**Student:** 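Before anything else, here's the structure in question.
Since this is a predicted model, take the numbers as computed values, not measurements. In this chain, numbering begins with 1 at the start of the sequence shown.
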Amino acid sequence: MLDHFTPNKDIKAAEQSKKVREFADEKNIVNFFDVGEVGVEHCLLPEKGMVTAGDLVIGADSHTCTYGALGAFSTGVGSTDMAVGMAYGKAWLRVPSAMSFVLHGKPSKWVSGKDVILHIIGKIGVDGTLYKSMEFSGDGVQNLTVDDRLCICNMAIEAGAKNGFFPVDKQTVQYLEDHGAKPPRVYYADPDAAYEYVMEIDLAELKPSVAFPHLPENVKTFDEIGEVKIDQVVIGSCTNGRLSDFVTAAEILKGKKVAKGVRALIIPATQRIYLDAMKLGLLEIFVNAGCAVSAPTCGPCLGGHMGILAKGERCVATTNRNFVGRMGDPGSEVYLASPAVAAASALAGKLETPENL
């Protein structure tokens, strides 16, 4: 999948993409997705039914841990391990010890999976689960959508985890069936499983959260946030570029206008999401609000293209990382938030929660 720099942003990206296209053609690779068919990898694989419960998945991108939301063991590896995996169908992994995150209750209206994982990373830090398995359980799991779970597992790596993992329930099975995935092989934790650490989380107590520069662990809620003016908003990426994310953003933006001086970028993660958003009238809402809608791409998330920041500029993004220079100039700043907070901030021209609009 050519998602990071496509449509090709420059000659270097064009040359790299050309090599991939030629390789895919030479090897008769069936599942090759280029411009027009492509999507952000970690959204397209589940959408295409290419991952199911019980799979072991490796990928040459750190956010491969996303698929734990579907009951798979998935993790990112280096290019050498990836090449060996492609050639031999084998990988060498050290089995991680586990940490348990027990979720209770139901989140309030403007709290989503993004706020859940930001809350956790804010508590344990970016190395809090270093090479550990983040295992989610509890009665609160049923109150999180599959999209919420995909978002949470996507950012497990931001806590240093080897993988994230949700139990397979009716929602998971229905999602897999709806997307034509292979029959699931379901694994559950043993009743006497040993955990290095257990965190109990009441979802009802969580608030919309923002990770301040320059680490995902610098998490604040709005009772701690003063006035922070912004220049750009990005709603998209493998973390929050799914249809439900755009439904939430459109609910906030409908009939309103983005604040003067703010660039609001909407980037659907796949062509199907783009089409579904179009059919629901979401793209019209975004354009009328003063947003720019992009073709599916990773774009500005990794400082690729379609929204690079200049020195001193601030961006509220639904992406997963806010390291120094991640989205452009080292003097810029990225604030990680949910689609709801991003949309509200676009209207306010500053960091804002939907509850205050």
**Student:** What residue pairs, at least two apart or across chains, pass side chain to side chain donor-acceptor pair (under 3.5 Å) with a residue in residues 29-44?
**Tutor:** Arg21-Asp34, His42-Asp61, His42-Tyr67
**Student:** How far apart are the C-alpha atoms of Thr248 and Glu251, what are their side-chain angles, what is the distance that settles it, and do they pass the side-chain hydrogen bond (donor to acceptor under 3.5 Å, both in side chains) test?
**Tutor:** CA-CA 5 Å; Thr248 297; Glu251 182 181 347; 5.5 Å; no
**Student:** Is there a path of hydrophobic side-chain contacts, each under 4.5 Å between heavy atoms of I/L/V/M/F/W/Y residues, joining Leu282 to Ile235?
**Tutor:** yes
**Student:** Any cation-pi pair here, Arg149 with Phe136, using under 6.0 Å and within 45°?
**Tutor:**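 No, Arg149 and Phe136 do not form such a contact.
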**Student:** Hydrophobic cluster membership, with links at side-chain heavy-atom distances under 4.5 Å among I/L/V/M/F/W/Y: are Met199 and Ile121 in one?
**Tutor:**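 Linked, Met199 and Ile121 end up in one cluster.
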**Student:** Restricting to pairs with a member in residues 182-228, which pass ring-ring contact (aromatic ring centres under 6.0 Å, His included), not counting sequence neighbours?
**Tutor:** Phe212-Tyr335
**Student:** Is there side-chain contact between Val126 and Phe323, with heavy atoms separated by less than 4.5 Å?
**Tutor:**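 Heavy-atom side-chain distance check fails, nothing below 4.5 Å.
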**Student:** Considering residues at least two apart in sequence or located in another chain, which fulfil the side chain to side chain contact (heavy atoms under 4.5 Å, CB included) criterion with Pro330?
**Tutor:**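 Expected list: Val324.
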**Student:** With a 4.0 Å cut-off, would you call Asp223 and Lys207 a salt bridge?
**Tutor:** yes
**Student:** Can you find a heavy atom in the side chain of Ser332 that is under 4.5 Å from one in the side chain of Cys315?
**Tutor:**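 A side-chain contact under 4.5 Å is absent here.
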**Student:** For His104 and Asp139, what are the C-alpha separation, side-chain angles and deciding distance, and is it a side-chain hydrogen bond (donor to acceptor under 3.5 Å, both in side chains)?
**Tutor:** CA-CA 5 Å; His104 302 289; Asp139 61 271; 2.9 Å; yes
**Student:** Can you tell which of Asp245, Thr66, Asn154, Thr318 makes a side chain to side chain donor-acceptor pair (under 3.5 Å) with Thr239?
**Tutor:**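 Going through the options one by one, the only one that passes is Asn154.
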**Student:** Nearest heavy-atom pair of Asn143 and Gly105: which atoms, and what distance?
**Tutor:**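 Result for this residue pair: ND2-O, 2.8 Å.
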**Student:** For side-chain hydrogen bond (donor to acceptor under 3.5 Å, both in side chains), just list the numbers for Ser133 and Asn163, CA-CA rounded to whole Å, side-chain angles, deciding distance to a tenth of an Å, and then say yes or no.
**Tutor:** CA-CA 5 Å; Ser133 177; Asn163 71 298; 3.1 Å; yes
**Student:** Do Asn320 side-chain atoms and Met155 backbone N/O form a donor-acceptor pair below 3.5 Å?
**Tutor:** no
**Student:** Can you hop from Leu130 to Ile124 via hydrophobic side chains spaced under 4.5 Å?
**Tutor:** no
**Student:** For Val146, what residues pass the side chain to side chain contact (heavy atoms under 4.5 Å, CB included) criterion, not counting sequence neighbours?
**Tutor:**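 Per chain and number, Val146 pairs via side chain to side chain contact (heavy atoms under 4.5 Å, CB included) with Leu70, Leu150, Gln171, Tyr175.
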**Student:** Just jot down the side chain to side chain contact (heavy atoms under 4.5 Å, CB included) partners of Glu15, sequence neighbours excluded, or say none.
**Tutor:** Ile11, Lys18
**Student:** Look at atom NZ of Lys254 and say whether more than 12 heavy atoms of other residues, nucleotides or ligands are closer to it than 6.0 Å.
**Tutor:** no
**Student:** Are Thr319 and Met327 close enough that some pair of their side-chain heavy atoms sits under 4.5 Å apart?
**Tutor:**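 SC-SC contact between Thr319 and Met327 confirmed.
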**Student:** Are more than 12 heavy atoms from other residues, nucleotides or ligands located less than 6.0 Å from atom CD of Glu200?
**Tutor:**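 Atom CD in Glu200 is packed in, count exceeds 12.
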**Student:** Show every donor-acceptor pair shorter than 3.5 Å between a side-chain atom in residues 52-60 and any protein atom, with sequence neighbours excluded, or say none if there are none.
**Tutor:**
| from | atom 1 | to | atom 2 | distance (Å) |
| --- | --- | --- | --- | --- |
| Thr52 | OG1 | Lys182 | O | 2.7 |
| Asp55 | OD1 | Arg185 | NH2 | 2.9 |
| Asp55 | OD2 | Thr52 | N | 3.1 |

**Student:** Should Val111 and Leu203 count as side-chain neighbours, where that means a heavy-atom distance under 4.5 Å?
**Tutor:** no
**Student:** Would you say the side chain of Thr297 lies within less than 4.5 Å of the side chain of Ile267, judging by non-hydrogen atoms?
**Tutor:**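 Yes, their side chains come closer than 4.5 Å.
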**Student:** Report the C-alpha separation of Arg314 and Ser345 in whole Å, then their side-chain angles, then the decisive distance to 0.1 Å, and conclude whether the side-chain hydrogen bond (donor to acceptor under 3.5 Å, both in side chains) test is met.
**Tutor:** CA-CA 12 Å; Arg314 293 179 178 140; Ser345 300; over 6 Å; no
**Student:** Flag yes if more than 12 heavy atoms outside Met86 fall under 6.0 Å of its CE atom; otherwise flag no.
**Tutor:**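 Open: at most 12 neighbouring heavy atoms sit under 6.0 Å from CE of Met86.
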**Student:** Would you say Asp10 and Phe5 make side-chain contact, with heavy atoms under 4.5 Å?
**Tutor:** no
